[in-house]
Amino acid sequence: MASSTDDTPEGSEPSPEQQGRGGRRADGSRNRLLVIDGHSMAFRAFYALPPENFSTDTGQHTNAVYGFTAMLINLIKDQKPSHVAVAFDLDTPTFRSEEYTEYKGGRSKTPEEFHGQVDLIIKVMEAMRIPTISLDGYEADDILATLAYQAAGADWDVQVVSGDRDAFQLVNDRVTVLYPKQGVTNIPQMDAEAIEEKYFVPPHQYSDLAALVGESADNLPGVPGVGPKTAAKWIKLYGGLEGILENLDKIGGKVGDSLRANIEDVKRNRRLNRLLTDLDLPVDLDAMVSQHPDRSAIEDLFDSLQFNTLRKRLFDLFGEEESEEESDEQSAPPHVLLEEAGELTQWFAGTNQAQASVALATETTGGTTDVVGIAVVTSSAAAFIPLEPLDADAEKVLGDWLASTDAPKIVHDFKTVFKLISARGLHLAGEVDDTAISGYLIQPDRRSYELADLAQYHLRLSITASANDSSGQQALDLGGNDVASPAVVAAYAALQLSEHFAGQLVERGANQLLGGLELPLAEVLARMELTGVAVSVEGLERLLDDFSKTISAAGSEAYRIIGKEINLGSPKQLQTVLFDELELPRTKKIKTGYSTDADALTDLITKTGHPFLEQLLAYRDATKLRQTVEGLRKAVGDDGRIHTTYLQTVAATGRLSSTNPNLQNIPVRSDEGRRIREVFVVGHGRDGNPYETLMTADYSQIEMRIMAHLSGDEGLISAFLEGEDLHRFVGSHIFGVAPEDVTNAMRSKVKAMSYGLVYGLSSFGLSKQLAISVDEARTLMRDYFERFGAVRDYLRGIVEQARKDGFTSTIEGRRRYLPDLSSDNRQLREMAERAALNAPIQGSAADIIKKAMLGVDEALTQRGLRSRMLLQVHDELVLEIAKGETAEVEALVREQMAGAADLSVPLDVSVGTGASWHDAAH
DNA sequence: GCCGGAACGTA
DNA sequence: CGTACGTTCCGGCA
């Protein structure tokens with residue numbers, strides 16, 4: 001606890017001008033209370049920051065929360081209060097509104113975007129351990145006044161933060177008001193002098209002045225014709241409002257008449273604007289002592305609010321004490337150093353069969369990361385094995401243990417660990433848990449599965465440095481704890497986490513998903529990543545040239561047309577040219593103005609035919625392609641292959657994602673784009689032997705098949721059983737024509753709708769996509785559901801069930817939690833509903849191809865084939881086929897992919913081969 | 001230097 | 001007012 005706020009300085013020097021011993025801190029300085037009018041400052045923040053720039057991806061606006069929190073952090077930093085509290089109004093009537101029903105009337109309705117933000121601010125305050133106070137029947141201002149009165153009485157300094165001028169009456173030599181001038185960053189201090197300068201009266205008479213002048217914010221009309229100057233003159237002359245009332249008849253002129261005519265209003269104003277200082281508050285001053293934030297609560301909350309910079313600023317503010325406070329928790333369990341074969345053998349024998357958590361100590365130099373040591377922690381022992389140096393015998397003992405399937409291991413991020421140690425020729429097996437994956441299965445929509453984050457969240461355990469980022473200098477010092485400690489801590493944390501997760505995995509029925517699918521898949525993915533895919537560097541360079549030519553041609557033509565050079569990659573500059581200078585019709589509105597995306601531009605072309613648009617689109621296309629190619633060229637490794645990284649814990653539905661580079665979004669839809677697939681080619685083995693061909697194998701219409709299976713719709717199922725063109729089949733039923741009479745237009749409508757259903761498409765969305773009227777779209781959907789009613793029932797049931805359970809499930813039992821299904825924010829709720837429609841389908845497809853990958857890998861290994869899997873693109877696998885293995889591999893791939901799930905419809909797999917990815921497509 | 005927004009590639 | 005991703009560029013802000 002922060003000792004600086006200890007307010008009982010017993011044993012220390014007594015203060016000279018004691019008014020009460022509570023008024024002093026231990027170091028002799030006065031206590032300083034910061035109290036904030038929550039609502040008024042939340043509103044200020046709300047209007048200072050545009051709501052559209054501050055919202056979570058679930059649609060909750062956070063501008064007021066952000067602004068409020070930022071303001072608070074700044075205030076704490078600048079003012080260094082020893083005590084902090086925030087007061088809020090309640091929605092209930094106050095004595096003011098009871099007396100005067102129009103009180104604060106005439107205010108425009110609270111904007112929709114403000115909704116829910118006060119609750120969030122209160123949550124932030126809880127996480128920051130700052131008391132929030134509200135009192136039935138009273139306003140926040142009265143609470144502020146009471147607190148200011150109490151604190152000043154105890155000889156504290158008080159700062160009242162409020163956007164309400166009534167607070168000025170509280171100012172005295174102990175109390176100042178921080179009154180925001182504009183926004184929430186500019187909050188000047190109003191002391192007695194400042195108030196007198198501005199309103200010509202001392203603070204204790206401000207309320208008299210306000211009663212005369214009126215306060216429009218509170219809907220309190222004053223005396224017409226009387227402004228601050230006149231009011232101040234009277235106040236000075238008669239010593240205050242009381243004196244004025246006694247001398248009413250002496251005041252001459254028109255304003256005097258006006259005053260007499262409105263004197264009841266003035267009296268009422270004065271009654272209403274007097275703040276109460278004698279409330280019975282549920283919290284006393286000592287409870288407001290400034291505390292460190294609840295770190296894990298802040299982490300959770302700021303995660304969901306998507307506040308990243310604020311999080312840092314907040315922790316920086318409390319930074320020093322933080323590390324001190326938690327240093328105990330961060331220390332590694334005591335561990336032994338194992339350096340010789342004998343020591344290793346003995347230690348591992350001692351921990352035989354116990355689940356052992358393994359973590360690496362690594363060192364990164366010039367972009368490459370090397371393993372420098374391995375930490376092993378069990379429930380009863382901990383060891384660290386430095387790899388540099390490690391003699392051959394000892395390395396053999398270690399290698400055998402790591403590779404042993406009989407030695408159960410817990411790892412965090414198995415795939416990365418597997419890849420790192422494989423660079424040293426070591427193999428990792430026997431894994432029984434990967435805490436990153438467990439964490440993901442339990443909570444698939446987390447932002448991060450970093451060990452430190454999970455440990456903090458689930459265990460309230462703080463670990464500072466991750467095992468992976470010991471700095472170079474320390475890493476060399478293998479004798480000390482510098483390298484060992486973070487790795488041992490990491491292994492320790494993973495062990496604790498694994499225990500913590502075990503029960504939850506069982507509860508959720510996720511054990512099979514972990515042990516039977518994700519864990520073995522992690523190793524398959526690791527090998528795919530290590531293998532990489534061969535590319536033709538010359539091919540990439542040729543494309544770079546070609547696309548560059550297109551870019552400069554389209555660019556200069558575009559510049560010629562508009563008569564100047566702008567940055568065609570800047571939507572902002574484009575907006576100026578298109579809508580201000582060329583005066584083209586406005587497109588759909590976006591946050592920053594009007595859209596210039598491809599849809600909007602195409603639309604403009606049909607409307608105006610302006611030649612600039614065509615060049616712009618060509619320029620955009622070509623730059624996008626060049627970017628892709630450029631990214632690929634930079635990613636080619638020394639082995640002439642591109643090694644992507646698959647992320648197994650990112651997509652909330654259970655899909656993989658691919659990064660660095662992303663090989664799951666290589667163009668395929670346009671001719672020019674497909675040229676990029678030509679540079680992905682068949683390559684050589686590590687032994688230098690060439691492979692024979694690439695093979696692609698993909699599921700056709702897997703999502704619609706899953707939809708047919710899950711819904712049990714007889715019509716859809718028979719479509720797949722008959723093996724007919726799905727969209728033609730569906731089209732023939734909806735439009736009531738023979739399959740062969742389904743036109744292309746009909747087919748594409750049906751296709752769009754079928755896929756749209758998987759995403760929770762509305763008739764509005766469908767109409768936009770197909771450029772038809774909403775009416776026509778609605779009819780189309782009605783006909784569709786009339787014919788395939790079980791689909792509609794299924795989709796409805798999904799959302800209902802999910803609302804009841806709180807989650808959706810895939811065919812393998814993978815869950816996605818959707819708490820927003822019961823949100824009272826419509827936008828949030830509808831987003832969650834669409835996610836609920838999609839998650840079981842997209843997720844089941846992910847389950848299926850993951851199972852297929854395990855099957856294919858296993859079959860390849862079992863048959864001793866050299867052919868290998870290279871890529872996965874959601875419903876497609878790319879393999880590299882060794883000489884003479886084409887037929888056998890094709891057969892096994894078909895078998896494994898088709899057999900990966902037992903659905904009520906067949907899983908159709910199409911396979912192609914060729915020298916390039918493009919040629920292998922079918 | 002960081003971060004959000006816009007745009008666009010894939011399934 | 002259609003789900004799930006990753007990357008790049010721009011421009012405002014610190």
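Chain A is the first sequence line, chain B the second, and so forth, proteins listed ahead of strands; every chain is numbered from 1.
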Quick check: any donor-acceptor pair below 3.5 Å linking the side-chain of [X] to the base of [N]?
| X | N | answer |
| --- | --- | --- |
| A/R655 | B/dA11 | yes |
| A/K624 | B/dC8 | yes |
| A/N662 | C/dG6 | no |

Considering just the side-chain nitrogens and oxygens of [X], establish if one lies under 4.0 Å of OP1 or OP2 belonging to [N].
| X | N | answer |
| --- | --- | --- |
| A/K572 | C/dG12 | yes |
| A/S657 | C/dG6 | yes |
| A/S595 | B/dA6 | no |
| A/Q573 | C/dG11 | yes |
| A/R816 | C/dA4 | yes |
| A/T653 | C/dA4 | no |

Tell me: [atom1] of [X] to [atom2] of [N], nearest whole Å?
| X | N | atom1 | atom2 | value |
| --- | --- | --- | --- | --- |
| A/F302 | B/dC3 | CZ | P | 14 Å |
| A/I551 | C/dT8 | CD1 | C1' | 13 Å |
| A/K768 | C/dC1 | NZ | P | 8 Å |
| A/Y646 | B/dA11 | OH | C1' | 13 Å |
| A/L617 | B/dC8 | CG | P | 8 Å |
| A/Y66 | C/dC13 | OH | P | 12 Å |
| A/Y759 | B/dT10 | OH | P | 13 Å |
| A/N567 | C/dC9 | CG | C1' | 8 Å |

Any side-chain heavy-atom pair of A/Y646 and A/L871 under 4.5 Å | yes
Would the number of heavy atoms belonging to other residues, nucleotides or ligands and lying under 6.0 Å from NE2 of A/H115 be above 12?
-> no
Among [options], which nucleotide has an atom closest to any side-chain atom of [X]?
| X | options | value |
| --- | --- | --- |
| A/L647 | C/dG6, B/dA11, C/dG11 | C/dG6 |
| A/T592 | B/dA6, B/dA11, C/dC10 | B/dA6 |
| A/T596 | B/dA7, C/dC10, B/dG9 | B/dA7 |
| A/A835 | B/dA11, C/dA4, C/dC1 | C/dA4 |

Using a heavy-atom cut-off of 4.0 Å across all strands, would you classify [X] as base, sugar-phosphate, or nothing?
| X | answer |
| --- | --- |
| A/I841 | nothing |
| A/I702 | nothing |
| A/R669 | base |
| A/V758 | nothing |
| A/I666 | sugar-phosphate |
| A/T623 | nothing |
| A/T628 | nothing |
| A/G569 | sugar-phosphate |
| A/A598 | sugar-phosphate |

Test side-chain contact (heavy atoms from CB on, under 4.5 Å) applied to A/Y794 and A/L837, step by step = CA-CA 9 Å; A/Y794 163 73; A/L837 291 178; over 6 Å; no
Would you mind telling me which residue lines up with the more 5' stretch of DNA chain C, A/A651 or A/Q627, judged by nearest nucleotide?
-> A/A651
Between A/A652 and A/K634, which has a closest nucleotide on DNA chain C that is more 5'?
-> A/A652
Ring centroid separation A/Y755 to A/Y759 under 6.0 Å | no
Tell me whether the guanidinium CZ or amine NZ of A/K589 lies under 6.0 angstrom from the six-membered ring centre of A/Y594 and within 45° of its axis.
-> yes
Apply side-chain contact (heavy atoms from CB on, under 4.5 Å) to A/H709 and A/F720, showing your working.
-> CA-CA 10 Å; A/H709 171 79; A/F720 284 118; over 6 Å; no
Take the angle between the ring planes of A/H610 and A/F612 and call it parallel below 30°, perpendicular above 60°, tilted in between.
-> perpendicular
